[in-house]
K.L.:
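Can you keep this structure in mind? I'll have questions shortly.
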Amino acid sequence: MKEKITKRSTDFSRWYTDVILQAELADYSPVKGCMVIRPNGYAVWEKMQSILDRMFKETGHQNAYFPLFIPESFLKKEADHVEGFAPECAVVTYGGGKKLDENLYVRPTSETIMYAMYAKWIHSYRDLPLLINQWANVVRWELRTRLFLRTTEFLWQEGHTAHATYDEAEEETLKILEIYTEFYEKYMAVPVLRGLKTESEKFAGALRTYCVEAMMGDKKALQGGTSHNLGQNFSKVFDVKFQTREGKIDYVWQTSWGVSTRLIGALVMVHGDDNGLCLPPKMASNQAVVIPIWREEDEKPSVLEVANRLVRNLNKKVSVKLDDREHYTPGWKFYEWELKGIPLRIELGPKDIEKESVLFARRDTRDKFQVSWDELSYKTEQVLEEIQKNLFNRALKFREDNTFTIDDYNEFKERNNVEGGFFSVHWCGSPSCEEKIQKETKATIRLIPFEQQTKQGKCIYCNAASEHRVIIAKAY
RNA sequence: CGGAGCGUGGCGCAGUCCGGUUAGCGCACUAGACUGGGGGUCUAGGGGCCGCCGGUUCAAAUCCGGCCGCUCCGACCA
């Protein structure tokens with residue numbers, strides 16, 4: 001018997017770690033703050049990559065790869081950028097046994113090195129837009145790490161585009177936010193809020209940062225992806241210039257955007273339960289597993305024969321695995337696959353063969369029901385779709401049930417403290433109110449949501465006039 | 001860096017206060033038999049510089065000192 005997973009309600013944070021370790025998504029590495037992504041976890045990442053990669057390419061982006069090392073001088077060119085990243089960088093000072101003439105920074109993000117190249121490649125408006133994405137690892141020397149959510153090294157994609165006009169850059173920034181939203185909601189079955197980051201939360205060096213934000217199973221917020229309109233901040237310091245159609249010289253307008261292996265953490269925290277991981281069908285490398293069952297030795301050949309046939313058939317439409325390991329009992333396998341989050345379990349034994357049916361067991365609801373062979377293919381697809389929808393709806397309802405519109409500061413403080421959740425409050429826009437709220441409540445302004453009825457109000461902290469509501473929550 | 005906790009077969013732990021001969025348990029692992037519809041049973045096995053270094057002692061997993069590592073909670077962050 002495997003060790004029990006800590007109950008989610010007992011200790012969310014331990015539950016999270018337990019699920020990841022036991023479902024074999026990742027393991028702690030010998031290097032502090034780093035993790036090893038195990039095959040189960042990496043399979044999820046590959047799934048995410050393939051979907052996002054397709055979406056990026058469909059919108060005209062190309063992949064490329066830039067170096068891991070960045071010359072110190074590059075990183076220091078953009079003032080806000082240095083300030084934001086320098087403290088959390090790993091720096092290489094020796095190479096080949098000799099002290100380097102110039103220190104090399106292990107990339108915390110690749111703006112600087114990429115834009116140094118862009119300056120070389122872009123000359124004319126005809127070279128624009130330049131739409132590049134890279135899949136890479138980056139390093140940020142974090143003080144406190146958590147599997148998938150914050151590790152010293154992590155995997156991500158970073159898109160970096162250059163445009164001829166501000167409007168095009170802004171359009172790109174928002175287009176990417178739409179891609180992220182679609183990915184979260186349609187594939188990960190995780191509902192997100194879209195909006196703008198405040199000045200203090202925006203990317204170091206950006207004009208403004210848009211984000212998607214999701215509610216985890218403990219009601220805390222997770223920043224799920226960011227898309228930055230960089231304006232001309234970087235092009236000016238890296239001298240990325242182009243000649244316009246009119247013959248004038250201008251600096252390019254840039255964007256950058258990314259999502260990371262943190263997505264996997266979100267998947268765990270939104271859909272997982274006391275039995276372990278629960279993967280939305282579109283995120284599972286195997287959507288279903290067939291468990292053959294027999295009592296007598298002479299039943300085995302016929303069960304396996306039928307099982308193989310059904311799996312072959314199903315695999316035309318979905319990805320199904322046959323678990324015919326003999327040294328594990330069916331019961332053991334049930335627990336194992338639930339822990340690992342496979343969306344649908346299909347049991348097939350002598351009783352089913354007699355009835356020409358199988359037994360379905362849904363991971364999300366844990367419902368079980370009989371399905372006849374002639375309906376198998378269709379039912380499988382249908383049930384998987386239902387699971388996908390149900391997971392999304394469940395997560396959406398959870399977020400809605402735990403999002404509160406509040407106008408009284410004391411009430412907000414109290415409820416934030418006791419029950420947690422997302423709080424929709426008026427904010428005047430002043431950084432000082434923002435900071436005070438954070439200090440006093442440990443909650444931060446997650447975003448200024450796009451979707452809201454623009455009603456005037458009064459700042460929840462200082463009572464000054466406010467143009468919009470913001471979402472405040474405790475966050476990862 | 002501050003606070004808390006933990007280092008004992010692969011994993012989870014007991015033993016440590018109060019030193020004493022072969023260091024124990026559960027799970028996992030190996031072999032075999034019976035089994036198989038929610039973590040099966042039995043039998044027989046293998047596997048340990050008790051985190052590291054030093055000290056006290058006739059004797060150290062156990063006491064003392066130092067170091068190292070990890071996890072959790074706070075200050076920075078996708």
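Sequence lines set the chain letters: A, B, ... in the order given, protein chains first and strands last, and positions in each chain run from 1.
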K.L.:
Whole angstroms only, please: what is the NZ-C1' distance between K202(A) and A78(B)?
P.N.:
17 Å
K.L.:
Show your reasoning for whether side-chain contact (heavy atoms from CB on, under 4.5 Å) applies to I387(A) and Q287(A).
P.N.:
CA-CA 10 Å; I387(A) 293 173; Q287(A) 276 98 33; over 6 Å; no
K.L.:
Do the ring planes of F238(A) and F234(A) sit parallel (below 30°), tilted (30 to 60°) or perpendicular (above 60°)?
P.N.:
parallel
K.L.:
Rounding to an integer number of Å, can you tell me how far H327(A) NE2 sits from A31(B) C1'?
P.N.:
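Those two atoms, NE2 and C1', are 14 Å apart.
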K.L.:
Regarding K175(A) and E178(A), does a basic nitrogen lie under 4.0 Å from an acidic carboxylate oxygen?
P.N.:
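Salt bridge absent between K175(A) and E178(A).
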K.L.:
Under the rule for side chain to side chain donor-acceptor pair (under 3.5 Å), what residues qualify as partners of D53(A), not counting sequence neighbours?
P.N.:
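D53(A) satisfies side chain to side chain donor-acceptor pair (under 3.5 Å) with K57(A), N63(A), W135(A) only.
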K.L.:
In whole angstrom, give me the gap between the C1' atoms of G26(B) and U8(B).
P.N.:
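My reading of the C1' atoms in G26(B) and U8(B) gives 15 Å.
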K.L.:
Work out how far the P atom of C50(B) is from that of G7(B), and round it to whole angstrom.
P.N.:
15 Å
K.L.:
Checking all strands, does R345(A) fall into the base, sugar-phosphate, or nothing category for heavy-atom contacts under 4.0 angstrom?
P.N.:
base
K.L.:
Between K379(A) and E386(A) (salt bridge meaning N to carboxylate O under 4.0 Å), is one present in this structure?
P.N.:
no
K.L.:
Starting at atom CD of E435(A), determine the distance to atom C1' of C76(B), rounded to an integer number of angstrom.
P.N.:
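Spelled out: CD on E435(A) to C1' on C76(B) is 14 Å.
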K.L.:
Is there any protein nitrogen or oxygen under 3.5 Å from a nitrogen or oxygen in nucleotides 67-74 of chain B, and what are the pairs?
P.N.:
residue, atom, partner, partner atom, Å
C73(B), OP1, S13(A), OG, 3.3
C73(B), OP2, R144(A), NH1, 3.2
C73(B), OP2, R144(A), NH2, 2.2
C73(B), O5', R144(A), NH2, 3.4

K.L.:
Check the distance between G38(B)'s P and L359(A)'s CG and give it to me in whole angstrom.
P.N.:
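Roughly 10 Å, once rounded to whole Å.
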K.L.:
How would RNA chain B look in dot-bracket form, 5' to 3', counting Watson-Crick and G-U wobble pairs with both distances under 3.5 Å and writing | for bases paired to another strand?
P.N.:
((((((((.[[[[.)....(...]]]].((((((.....)))))).....[[[[[..)....]]]]])))))))....
K.L.:
Please tell me which of F203(A) and R366(A) maps to the more 5' nucleotide of RNA chain B, matching each residue to the nucleotide holding its nearest heavy atom.
P.N.:
R366(A)
K.L.:
Reckon K333(A) touches a base, only the sugar-phosphate, or nothing at all at heavy-atom distances under 4.0 Å?
P.N.:
nothing
K.L.:
List for me each residue that meets ring-ring contact (aromatic ring centres under 6.0 Å, His included) alongside W427(A), sequence neighbours excluded, and say none if there are none.
P.N.:
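W427(A): no ring-ring contact (aromatic ring centres under 6.0 Å, His included) contacts found.
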K.L.:
Checking all strands, does T444(A) fall into the base, sugar-phosphate, or nothing category for heavy-atom contacts under 4.0 angstrom?
P.N.:
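Contact class for T444(A): none.
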K.L.:
Within less than 4.0 Å of OP1 or OP2 of G40(B), is there a side-chain N or O belonging to T329(A)?
P.N.:
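So the side chain of T329(A) is within the cut-off, an N or O lying under 4.0 Å from OP1 or OP2 of G40(B).
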K.L.:
With C1' as the reference atom in both, quote the distance from C6(B) to C52(B) in angstrom, rounded to an integer.
P.N.:
16 Å
K.L.:
Before giving the answer on salt bridge (Lys or Arg N to Asp or Glu O under 4.0 Å), spell out for K202(A) and E199(A) the whole-Å C-alpha distance, their side-chain angles and the decisive distance to 0.1 Å.
P.N.:
CA-CA 5 Å; K202(A) 77 174 186 192; E199(A) 278 298 298; 3.2 Å; yes
K.L.:
Return yes if the base of G38(B) and the side-chain atoms of K368(A) contain a donor-acceptor N/O pair under 3.5 Å, otherwise no.
P.N.:
yes
K.L.:
Please give, in whole Å, the distance from G10(B) P to L21(A) CG?
P.N.:
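My rounded result for the distance is 18 Å.
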K.L.:
What interatomic distance, in whole Å, is found between C1' of C49(B) and the corresponding atom of G12(B)?
P.N.:
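One C1' to the other, the span is 22 Å.
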K.L.:
Taking ring-ring contact (aromatic ring centres under 6.0 Å, His included) as the definition, give me every residue that meets it alongside H163(A), ordered by chain and number, with sequence neighbours left out.
P.N.:
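H163(A): no ring-ring contact (aromatic ring centres under 6.0 Å, His included) contacts found.
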K.L.:
What is the nucleic acid contact for E142(A), judged by heavy atoms within less than 4.0 Å: base, sugar-phosphate only, or nothing?
P.N.:
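Answer is base: heavy atoms of E142(A) come under 4.0 Å of a base.
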K.L.:
Output the rounded distance in Å from CG (D18(A)) to C1' (G12(B)).
P.N.:
12 Å
K.L.:
For the residue pair T173(A) and S227(A), confirm or rule out a side-chain donor-acceptor distance under 3.5 Å.
P.N.:
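The criterion, which ignores hydrogens and geometry beyond distance, is not satisfied for S227(A) and T173(A).
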K.L.:
Could you list by number each residue of residues 269-290 of chain A showing a heavy-atom separation from RNA chain B of less than 4.0 Å, or answer none if no residue does?
P.N.:
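The stretch gives none, as no residue of it lies under 4.0 Å from the strand.
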K.L.:
Quick one: do the H228(A) and T209(A) side chains pair a donor with an acceptor below 3.5 Å?
P.N.:
yes
K.L.:
Considering only the C1' atoms, how many Å lie between C25(B) and C1(B), rounded to the nearest integer?
P.N.:
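Comparing C1' positions in C25(B) and C1(B) gives a spacing of 40 Å.
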K.L.:
Tell me which of W156(A) and E326(A) sits closer to the 5' end of RNA chain B, going by the nucleotide each one is nearest to.
P.N.:
E326(A)
K.L.:
With a non-hydrogen cut-off below 4.0 angstrom, is P350(A) in contact with a base, only sugar-phosphate, or nothing?
P.N.:
base
K.L.:
Applying side-chain contact (heavy atoms from CB on, under 4.5 Å) between Y187(A) and each of L52(A), I51(A), L263(A), report the one that passes.
P.N.:
I51(A)
K.L.:
Check the distance between C76(B)'s C1' and Q223(A)'s CD and give it to me in whole angstrom.
P.N.:
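Interatomic distance, CD of Q223(A) to C1' of C76(B): 14 Å.
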K.L.:
What integer number of Å spans the P atoms of G2(B) and G46(B)?
P.N.:
48 Å
K.L.:
Taking G20(B) as the reference, what is the distance to U57(B) when you measure between their C1' atoms (whole Å, please)?
P.N.:
12 Å
K.L.:
Would you classify G258(A) as touching base, sugar-phosphate or nothing, given that sugar-phosphate means primed atoms plus P, OP1 and OP2, and contacts are heavy atoms under 4.0 Å?
P.N.:
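Nothing: the residue G258(A), judged by heavy atoms under 4.0 Å, touches no strand.
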K.L.:
State which residues pass side chain to side chain donor-acceptor pair (under 3.5 Å) with Y210(A); sequence neighbours excluded, sorted by chain then number.
P.N.:
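Y210(A): side chain to side chain donor-acceptor pair (under 3.5 Å) contacts with E170(A).
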K.L.:
Of all of residues 293-301 of chain A, which get a heavy atom below 4.0 angstrom from RNA chain B, listed by number?
P.N.:
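Per residue number, the list reads I293(A), W294(A), R295(A), E297(A).
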K.L.:
Measure from CG on D11(A) to C1' on G5(B) and round the result to the nearest Å.
P.N.:
13 Å
K.L.:
With heavy atoms under 4.0 Å as the rule, sort L149(A) into base, sugar-phosphate or nothing.
P.N.:
base
K.L.:
What donor-acceptor contacts under 3.5 angstrom involve side-chain atoms of residues 73-80 of chain A, with partners at least two apart or in another chain?
P.N.:
residue, atom, partner, partner atom, Å
S73(A), OG, E102(A), OE2, 2.7
K76(A), NZ, E72(A), OE2, 3.2
E78(A), OE1, D80(A), N, 3.2
E78(A), OE1, H81(A), N, 2.9

K.L.:
I'd like to check the side chain to side chain donor-acceptor pair (under 3.5 Å) partners of D367(A); sequence neighbours left out, ordered by chain and number.
P.N.:
T365(A)
K.L.:
Please enumerate all residues that pass side chain to side chain donor-acceptor pair (under 3.5 Å) together with E354(A), with sequence neighbours excluded.
P.N.:
none
K.L.:
Quantified in whole Å, what is the P atom distance between nucleotide C64(B) and nucleotide C17(B)?
P.N.:
9 Å
K.L.:
Return the stacking result for G39(B) and Y335(A): yes when the ring centres lie under 5.5 Å apart and the planes under 30°, no otherwise.
P.N.:
yes
K.L.:
Strictly by side chain to side chain donor-acceptor pair (under 3.5 Å), give each pair with a member in residues 258-267 of chain A just once, sequence neighbours left out.
P.N.:
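Checked against side chain to side chain donor-acceptor pair (under 3.5 Å) - neighbours excluded - no pair reaches residues 258-267 of chain A.
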